[in-house]
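Worksheet: one structure, shown below.
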Amino acid sequence: MATKINQSMSSNRLILPQDFYARETTAVAQEILGKRIVRILPNGTRLAGRIVEVEAYLGIEDPGAHTYGGRRTPRNEAMYGDAGHTYVYLIYGLHHCVNVVTQLRDVPEAVLLRALEPVEGFAEFERTHGHTHPPKWLNGPGKLCAGLNITRAENALPVFDPKSPVFIEDDISISQEDIAIGRRVGIDYAGDAIEWPLRFGVRGNPNLSPTKFD
DNA sequence: GACCAGATGTACT
DNA sequence: GTACATCTGGTCT
């Protein structure tokens, strides 16, 4: 069913092309699992984490999405832009969340990144935040942004561009049977849409966010 | 596991 | 002006 993405043949990882994102959002959400988000800090430090949990937000048809009913504001403008760009916003006045925009221009859909498995560059972070196993500082959408130092300054960046301070590399592919599917978190206001199976995680991965899948 | 306060930008009246 | 949010960490049971 799902399109297979070829695994990288070498350690020299490829960046996922913009085309990867300009597709059906649920397909992107499932296939982005196992891929590697890379953050280059202003001081040149490279951080990377493997994506292990995401949610899909389906634009104007989705009561859980910021763009439900075609709502368009300065905050969510990035969702109306081209595929493969970040959409970063502040939630509850204190946490940032990062999405990757999918679909064609003016189709405001996105994939929310909810949890990462740390892969590169977190030694310093681990020293200051404690080293539990598994680590607890990337297993939630707000913590993920804090861990990668992503704020609204990183809104609308192209993740298919290696010169961007935030981009996504190909890494491993997760097979369909290893993907856990569940309801989305934190959209109690969204009516029936709260039941939609749009949350995807790498089954059994210890770095998933604390909220359990059904 | 359930419950709750916290802090403030954003949207809408 | 006012209500509320794609959350987190702490407390209590």
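These numbers were taken from a predicted model, which means no experiment stands behind them.
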Quiz item: Measuring from A/Gln30:CD to A/Ser175:OG, what's the distance to the nearest 0.5 Å?
Solution: 11.5 Å
Base, sugar-phosphate alone, or nothing: which one does [X] contact when heavy atoms must sit under 4.0 Å apart?
X        : answer
A/Leu90  : sugar-phosphate
A/Ala65  : base
A/Leu94  : base
A/Gly142 : sugar-phosphate

Is the shortest side-chain N/O distance from [X] to OP1 or OP2 of [N] below 4.0 Å?
X        : N      : answer
A/Lys136 : C/dT8  : no
A/Arg71  : B/dT10 : no
A/Arg152 : B/dT10 : yes

[X] [atom1] to [N] [atom2], straight-line distance once rounded to whole Å:
X        : N      : atom1 : atom2 : result
A/Glu77  : B/dA11 : CD    : P     : 11 Å
A/Tyr57  : C/dA5  : OH    : C1'   : 11 Å
A/His129 : C/dG9  : NE2   : C1'   : 13 Å
A/His96  : B/dT8  : NE2   : C1'   : 11 Å
A/Met79  : B/dT10 : CE    : C1'   : 16 Å
A/Tyr92  : B/dA7  : OH    : P     : 16 Å
A/Asn155 : B/dG9  : CG    : P     : 16 Å
A/Ile187 : C/dC7  : CD1   : C1'   : 14 Å

Self-check item: Shortest non-hydrogen contact from A/Leu47 toward A/Gly147
Solution: CD1-O, 3.6 Å
Practice problem: Heavy atoms only: give me the nearest A/Ala29-A/Ala56 pair and the separation to one decimal. | Solution: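 Scanning both residues completely, I find the closest heavy atoms to be CB-CB, 4.2 Å.
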Self-check item: Base-paired stems in DNA chain B, each at least three Watson-Crick or G-U pairs under 3.5 Å
Solution: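 For DNA chain B the paired stretches long enough to count as stems (3 pairs minimum) are B:1-6 with C:7-12, B:8-12 with C:1-5.
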Self-check item: Cationic tip of A/Arg23 above A/Tyr21 ring, under 6.0 Å, 45° of axis
Solution: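 Relative to the ring axis of A/Tyr21, which defines the angle, A/Arg23 lies outside at least one limit.
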Exercise. Validate the cation-pi geometry between A/Arg105 and A/Tyr80: distance from NZ or CZ to the six-membered ring centre under 6.0 Å, angle to the ring axis within 45°.
Key: no
Nearest to the side chain of [X], which nucleotide is it out of [options]?
X        : options              : value
A/Tyr189 : B/dA11, C/dA5, C/dT8 : C/dA5
A/Arg75  : B/dA11, C/dG9, C/dC7 : B/dA11
A/Thr73  : B/dC12, B/dG9, C/dC7 : B/dC12

Quiz prompt | Aromatic plane relationship, A/Tyr87 with A/Tyr89 - under 30° parallel, 30 to 60° tilted, over 60° perpendicular | solution =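 Rings of A/Tyr89 and A/Tyr87: tilted, 30 to 60°.
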Identify each donor-acceptor pair in which a side-chain atom of residues 106-122 of chain A lies under 3.5 Å from a protein atom, sequence neighbours left out, and give them as a table.
from     : atom 1 : to       : atom 2 : distance (Å)
A/Glu109 : OE1    : A/Thr25  : OG1    : 2.5
A/Arg114 : NE     : A/Glu53  : OE2    : 2.8
A/Arg114 : NH2    : A/Ser209 : OG     : 3.4
A/Glu117 : OE1    : A/Asn205 : ND2    : 3.0
A/Glu120 : OE1    : A/Arg46  : NE     : 2.8
A/Glu120 : OE2    : A/Arg36  : NH1    : 2.8
A/Glu120 : OE2    : A/Arg46  : NH2    : 3.1

Quiz prompt | side-chain contact (heavy atoms from CB on, under 4.5 Å) assessment of A/Val28 paired with A/Phe20 | solution = CA-CA 7 Å; A/Val28 176; A/Phe20 177 87; 3.9 Å; yes
